[in-house]
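Every value quoted in this text rests on a predicted model; they were computed, and no experiment measured them. Labels below follow one simple rule: chain letters A, B, ... track the order of the sequence lines, proteins then strands, and each chain is numbered from 1.
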Amino acid sequence: MKNIIKISWRNLLRYTRRTLLTSSLIAVGVALVIIFGGIGASFKDEVIGTITNSNLGDIQIHKKGYVGSMDNLPLDIVIPEQGLNKIKSLLDANPEVKVYSERIRFGAMISNFVQTTSMRLTAVYPEKESNTCPALTERIKEGNSDPKTFVQPGSIVIPANIAAGMNLKIGDDAVLVATNKDGSVNGVTFKISGISENILGPQGKDGYIHIDDAVSLLRIENGEITEIAVKLNDFDKLKKVYSRLKGELAQIPGENSGKPAFEVHSWEELSPFSSIVKIVTLLIMVVRLVLVSIVLISILNVMMMSVYERIGEIGTIASIGTPPSKILALFLTEGLLLGFFSALAGIIFGTGLLMIVAAAKLNFVFGMMKLSLSPQIPTAEIILSLIIVVVISALASLQPALKASKMEPVEALRHV
Amino acid sequence: MSLLSLANVRKDYLAGDVTVQALKGINLTVEKGKFISFVGPSGSGKTTLLNLVGCLDKPTEGTVTVAGVEVNRMDRKTSAKFRGDNIGFIFQNFNLIPVLTVYENVEYPLIMVQDIALKSRKQRIDDMLDRVGMADQRNKYPSQLSGGQKQRVAIARALVMDPKLVLADEPTANLDHDTAYKVIGLMHQMKKEFNTSFIFATHDQKIVGEAEIVYTMEDGLITKVQANGTAGGGVK
Ligand SMILES: Nc1ncnc2c1ncn2[C@@H]1O[C@H](COP(=O)(O)OP(=O)(O)OP(=O)(O)O)[C@@H](O)[C@H]1O
Ligand SMILES: [Mg+2]
């Protein structure tokens, strides 16, 4: 084996220019996969982190039908207290669930006694909410941004666009007027305790109050809520936990119908930005495919040339008794070595470039998200590309190597 | 038991629509330890015959027996092994492996064909290089050698496997006259030292004199067999 490697290696070095050319082509391909994979993964993580940590959570649970009419923030499609308790015990029993936050979401009019505008409100328990969405309080740029107390009974966090538009400052009073599910209207005065950056989404006018205030404003008597946001211990287990929850929730039937009473959605189903993440994933796949075709074509080409140029030599070694299996091994090894070392070069090159990108700390704004790319060394991507190159190199050398091993010595010798 | 016997061997080539009868019925027996030459005009069938004897090709008809084994029906793998165990080859174009040094070229069949362990390998190669007078060139690559030197290395490569029979098709055709004599002389000397049979094909009437038995071929048939009493060998 050592000798087969020695001979193959020297044969590679024999056509230095061709080997270097092929090798750099493959190396560039591998480097591209690593750079693209690394940056893409960091971009995905940033986008997902921004979305899930600032207001969505990883998973949300609603009464069946809520998400379908989510735009109206309906107050009649709610999780009743009894159901809430069942869900809570499910979540408490699930080891993958880190925390969850009960929410009442509704639309309201906010007035500074001169002007009135509409806004969307999420009523929460401050500590539970900021544990579920750790990035939320980072967005509160003025006022109280303490994760434990950012909303208190009587206080409200409003987005910057409403603060600017209605000239509201920290400590000012504002009145929230809301219609409850029976159609009666109620108003309560709040103190502005915080002003947040505009939250993601087309409307962007999202504020926070304490859940107790929502109960009195909306005259909720029986402890019902509209939404539960869930955060997991390990985001990578999202799919597993999601399907487990889905299965468990399906066991809880509605009161009148026999159908499941609740629905569960992952962040991907709730955020329009999830498609961007899918596109990035797809692009990484495309770059990998490009690598596969680069390796396939270039190794096949080089190895076919090698076999063709060395027909006489193949005739010689076959005549003196080299078994066909060893001739096959010689050419396979040659292709494998070429692929392997090209991939190594590409890994070094690509990782180096990626580290430069990481050191440069690329910051940019994407939509309303402030993203900071700090790509990690994508170990999985590196291993994957090495495997891709080696496997494809073997496949690409197989046909030329088989051809070499099947040559008739007499005919090969005549070729000299 | 004779080393080699051919019984009624015919070989046809199909070249397009025409069948070329390269060998038209060869009967031949060769004993061990002989230095044999085939001569004859171009196209008379020398190469064809050597290919059959060397298990590189199969006869259209008749049987070829080498070292007691009928070789005409072997598959590729078996015949490769048979060649590796029994037959050495020397080529007109030397056919050394360009990426290997002199030493490594001689080592090649011991590794790739016969799987000989490193220790015994080294001694055999050193000894062989000494005998063909190439010990001081051991680390050179074939491209750095003259034609005569290359053929010496090729002889060493053929003999290092300790074959029963060495086949050489026009081994001196690419060498000048003096070198050709020296190479044939070396082959003859090796034949004596190893008690191996050598069969070489040539056009060159002058070096034919070195052979113990000369077969003359014409048009696919052996037309004359001649034993040379003068089989002295050595350098002239
Ligand atoms: N592969 C082949 N296909 C068709 N015809 C062939 C083939 N090989 C040899 N021949 C024919 O067989 C005959 C014998 O050829 P061979 O090569 O054995 O002659 P030779 O005595 O070795 O000639 P030379 O001295 O020129 O080498 C010739 O007529 C040749 O044209
Ligand atoms: Mg010939």
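Interface remark: of the candidates A:Leu13, A:Ile320, A:Asn3, A:Ile320 forms the most heavy-atom pairs closer than 4.5 Å to chain B. Interface remark: of the candidates A:Pro409, A:Ser319, A:Pro323, A:Ala318, A:Ser319 forms the most heavy-atom pairs closer than 4.5 Å to chain B.
Interface remark: A:Leu330 contributes side-chain atoms only to the contact with chain B (heavy atom separation under 4.5 Å). Within the 4.5 angstrom heavy-atom criterion, no atom of B:Phe82 approaches chain A. For chain B, the nearby part of A:Ser405 is the backbone; its heavy atoms alone come within less than 4.5 Å. In this structure, no portion of B:Gln92 lies under 4.5 Å from any heavy atom of chain A. Residue contact with chain A, scored on non-hydrogen atoms closer than 4.5 Å, involves the side chain of B:Asp115 exclusively. In this structure, chain A has no heavy atom under 4.5 Å from any part of B:Ile87. Within the 4.5 angstrom heavy-atom criterion, no atom of B:Gln114 approaches chain A.
In this structure, B:Phe200 and B:Phe35 have tilted ring planes: the angle between them lies in the 30° to 60° band.
Although no hydrogens or angles enter the test, the distance criterion places no donor-acceptor pair under 3.5 Å between the side chain of B:Lys24 and the main chain of B:Arg10. Judged purely by atom type and a 3.5 angstrom limit, B:Lys164 has no side-chain atom pairing as donor or acceptor with the backbone of B:Ser197.
Residues B:Asp176 and B:Thr179 have side chains that bring a donor and an acceptor to within less than 3.5 angstrom of each other. Residues A:Thr322 and B:Tyr108 bring a donor and an acceptor atom of their side chains to less than 3.5 Å of each other.
Taking all atoms of both residues into account, the shortest heavy-atom contact from B:Phe94 to B:Ala154 is O-CB, 3.9 Å.
For the pair B:Phe198 and B:Ile90, the minimum side-chain heavy-atom distance is below 4.5 Å.
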